[in-house]
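Start at 1 and go down the list; that is how both ligands and their atoms are numbered.
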Amino acid sequence: MGWDGTTLEDAYARTPELSVIGNVTTVTTSLTPADYAEYYVGFANSVLWPLFHYRLDLVNYESGFAEGYRRVNERFADVIASQVSPDDVIWVHDYHLIPLGAELRRRGCANRIGFFLHIPFPPPDILTAAPQSRWLFESMLSYDLVGFQTHTDLGNFHHFAEDRVGVRLQADGSFRIRNRVVHAGAFPIGIDAQAFHAMAEKPSNDVQIDTMRRAILDRKQIIGVDRLDYSKGLPDRMKAFGRLLELHPEHLKKVTFLQIAPPTRSDVDAYADIRQELEGLSGAINGRFADFNWTPIRYIHRSVPRDTLAALHRASRVGLVTPLRDGMNLVAKEFVAAQNAEDPGVLVLSKFAGAAEEMREALIVNPYDTDDMAEKLHQALVMPLAERQRRHSALFERVMTQDAHAWQRDFLQTLDTLTLVEADAA
Ligand code: GDG
């Protein structure tokens, strides 16, 4: 169940729409323009997104945002409450919907309800900067199971509960609060690895021609794929590429950097700023290093079809994934899944991506340290085949087995088998 992406003044007067796609029935509802401004652009993407990515400097809180957030969650709860049967399991996703579980409980919903946070959960000192931080946190205690991407996020949740709310953590990782037991765990998300791998093996003619051209010119490709979001560290990454060309001029004309960065949330000011910065930087680096027959950076501010992306990953020697902070980062896993095991590319990964907790065989970088990124890029470009294969096979094994299906099974099985003891009875 979710928002259908439209805004209408009379959204609440309309009946939610049911559609059937295969064996899935979806229920969607419209939002009002005020909901869009206060809930989606406002509280979700101008307060929670920057704050949960440790960017207090970008938080823009206006009165009305929190109320809009509450209102839309109430609306969603009304729609769901009208649809669920008593034996349904409810799985709520992400920061837009933190209070949804509490709203459902208020409507008498006794179903098993799980919540998964796709983005980081910040340390207590940062979370307390959120207007209504205590309310947000307490809302999370209405779920039976709360899932995070990493152990770091889970640890931050535990700290907030113990230090700021005074709830005591049990030996099994659960909390007892009022008459409820809340379980929390780390459930690192995966990708549909098999499908992505298969896609990468079938490049279109365009991608094949581009790859052959590069092979003839003995050029390697570095690839980055990210929504154009300030959390992804794109300007720092471009600077690191420029620094690589400065420190290691042997790569001049021998490497190109392809950055795909489709637009996103362009109604939020911080996103327009990052776009301008990136266009300036790519222009400056190209102006400084390019030659009549070589453009160092190819920057695409558009969405590229998924099968083309997969083939482009496979055709690249280096996957450059350097967010300043990221819940997981699926692109890191997609890059690994797309590679040819006989001649694999190297993943250069930020230590602040959730994926770094599992993907130890990548070259791990500090995205705030331009020289470190430039040197690791160099190391990746000159890495011998045997070392590339060794690193890749360990990463590939994990990406293929701990995929999206395993993640879904793991979370739902955990939710399904929890013993929901009432604290008073325990
Ligand atoms: C959030 C969390 C967490 C990107 N450009 C194009 C395109 N993409 C696809 C990628 C990838 C997805 O979008 C992006 O996923 P990420 O995980 O990298 O990042 P977020 O969008 O920020 O996702 C993140 C994730 O939720 C899951 O829990 O990992 O930490 O922030 O699949 O390939 N896809 C197509 N064209 C593009 O131009 N087709």
Side-chain angles (χ1 to χ4, degrees), residues 44-45 48-55 91-97 114-122 146-150 152-153 186-197 199-200 204 207 223-234 237 258-265 268 270-271 274-275 278 298-314 316 319-339 347-359 362 367 399 402-408 410-411:
N45 286 314
L48 295 181
W49 177 271
L51 193 105
F52 279 43
H53 285 86
Y54 300 47
R55 292 297 300 270
W91 191 3
V92 177
H93 287 261
D94 228 0
Y95 62 102
H96 317 77
L97 301 173
F115 176 77
F116 184 77
L117 185 68
H118 288 256
I119 64 174
F121 191 82
V146 179
F148 299 96
Q149 298 273 25
T150 65
T152 304
D153 300 320
F187 297 87
I189 197 168
I191 59 166
D192 191 354
Q194 204 67 54
F196 204 77
H197 180 71
M199 247 182 231
S204 63
V207 174
I223 190 168
V225 178
D226 312 75
R227 286 183 303 98
L228 184 47
D229 192 297
Y230 50 78
S231 66
K232 304 292 181 184
L234 293 167
R237 187 184 304 178
L258 172 63
Q259 176 64 57
I260 297 166
T264 171
R265 303 175 197 162
V268 181
Y271 287 73
I274 186 97
R275 179 181 171 187
L278 212 54
R298 284 184 294 167
Y299 164 57
I300 302 178
H301 184 51
R302 265 196 323 275
S303 179
V304 167
R306 196 160 173 73
D307 52 348
T308 308
L309 272 189
L312 287 172
H313 277 306
R314 192 177 176 93
S316 301
L320 191 51
V321 181
T322 56
L324 302 177
R325 190 66 60 179
D326 218 329
M328 176 56 59
N329 195 295
L330 300 181
V331 175
K333 299 190 173 184
E334 290 166 355
F335 178 78
V336 168
Q339 297 306 302
L347 176 65
V348 175
L349 179 63
S350 161
K351 62 177 175 183
F352 300 122
E357 235 180 50
E358 307 160 82
M359 303 182 88
V399 166
Q402 293 165 30
D403 65 356
H405 307 288
W407 167 77
Q408 181 200 30
D410 192 19
F411 187 95

field: Top protein contact for atom 24 (C) of ligand 1, by heavy-atom distance
entry: Asp326 OD1, 3.3 Å

- prompt: To which protein heavy atom is atom 15 (O) of ligand 1 closest, and what is the distance rounded to 0.1 Å?
  reply: Leu330 CB, 3.9 Å

message: Test your reading of the structure: does Val225 have an N or O sitting under 3.5 Å from an N or O of ligand 1?
response: no

- request: Within a distance under 4.0 Å of any heavy atom of Arg306, pick out the atoms of ligand 1 and give their elements.
  value: 32 (O), 33 (O), 39 (N)

query: So Trp91 and His93, would you call those rings parallel, tilted or perpendicular, with 30° and 60° as cut-offs?
result: tilted

field: Ile191 and ligand 1 - part of the residue with a heavy-atom distance under 4.0 Å
entry: neither

- request: Tell me which protein heavy atom sits closest to atom 7 (C) of ligand 1, plus the residue, atom name and distance to 0.1 Å.
  value: Leu309 CD1, 3.6 Å

message: Parallel, tilted or perpendicular, judged at 30° and 60°: which one describes the rings of Trp49 and Tyr95?
response: tilted

query: Counting only heavy atoms on the protein side, is anything nearer than 4.0 Å to atom 38 (O) of ligand 1?
result: yes

task: Tell me which protein heavy atom sits closest to atom 33 (O) of ligand 1, plus the residue, atom name and distance to 0.1 Å.
output: Glu334 OE1, 2.6 Å

- line: Near Val331 (heavy-atom distance under 4.0 Å), the atoms of ligand 1 are 10 (C), 18 (O)

- line: Residue, atom and distance of the protein heavy atom nearest atom 19 (O) of ligand 1 read Lys232 NZ, 3.0 Å

- prompt: If we only count heavy atoms from C-beta on, is the Asp229 to Arg265 side-chain gap below 4.5 Å?
  reply: yes

message: Between Arg55 and Leu324, is there a side-chain heavy-atom distance shorter than 4.5 Å?
response: yes

Verify atom 9 (C) of ligand 1: protein non-hydrogen atom under 4.0 angstrom away: no

query: Which of the atoms in ligand 1, numbered in the order shown and given with their element, are less than 4.0 Å from a heavy-atom of Gly327?
result: 30 (O)

query: Is the closest heavy-atom distance from Phe196 to ligand 1 below 4.0 Å?
result: no

- request: Report the part of Trp49 (side chain from C-beta onward, or backbone N, CA, C, O) that has a heavy atom under 4.0 Å from ligand 1; answer both or neither where that applies.
  value: side chain

- prompt: For ligand 1, which atoms have a heavy atom of Ser303 less than 4.0 angstrom away?
  reply: 36 (N), 37 (C), 38 (O)

task: Number the atoms of ligand 1 from 1 as they appear, then name those within less than 4.0 Å of a heavy atom of Ile260, with their elements.
output: 38 (O)

query: What is the nearest protein non-hydrogen atom to atom 21 (O) of ligand 1, stated with its residue, atom name and distance?
result: Arg227 NE, 2.9 Å

query: Which heavy atom of the protein is the closest neighbour of atom 35 (C) of ligand 1, given with residue, atom name and distance?
result: Val304 O, 3.1 Å

message: I need the atoms of ligand 1 closer than 4.0 Å to a non-hydrogen atom of Gln149, numbered in the order shown.
response: 3 (C), 28 (O)

- prompt: Of the non-hydrogen atoms in Ala353 and Met328, which two are nearest, and what is the gap between them?
  reply: CB-O, 3.7 Å

message: Check the orientation of Phe121 and Phe148. Use parallel for under 30°, tilted for 30 to 60°, and perpendicular for over 60°.
response: perpendicular

- prompt: Can you tell me which residue and heavy atom of the protein come closest to atom 2 (C) of ligand 1, and the distance to 0.1 Å?
  reply: His118 O, 3.7 Å

- prompt: What's the spacing between Asn329 CG and Phe352 CZ if we round to 0.5 Å?
  reply: 14.5 Å

message: Using 0.5 Å steps for rounding, measure from the CZ atom of Arg298 to the CD1 atom of Ile223.
response: 9.5 Å

statement: At under 4.0 Å between heavy atoms, what of Asn329 touches ligand 1? The answer is both

- prompt: Any nitrogen or oxygen of His53, main chain or side chain, under 3.5 Å from a nitrogen or oxygen of ligand 1?
  reply: no

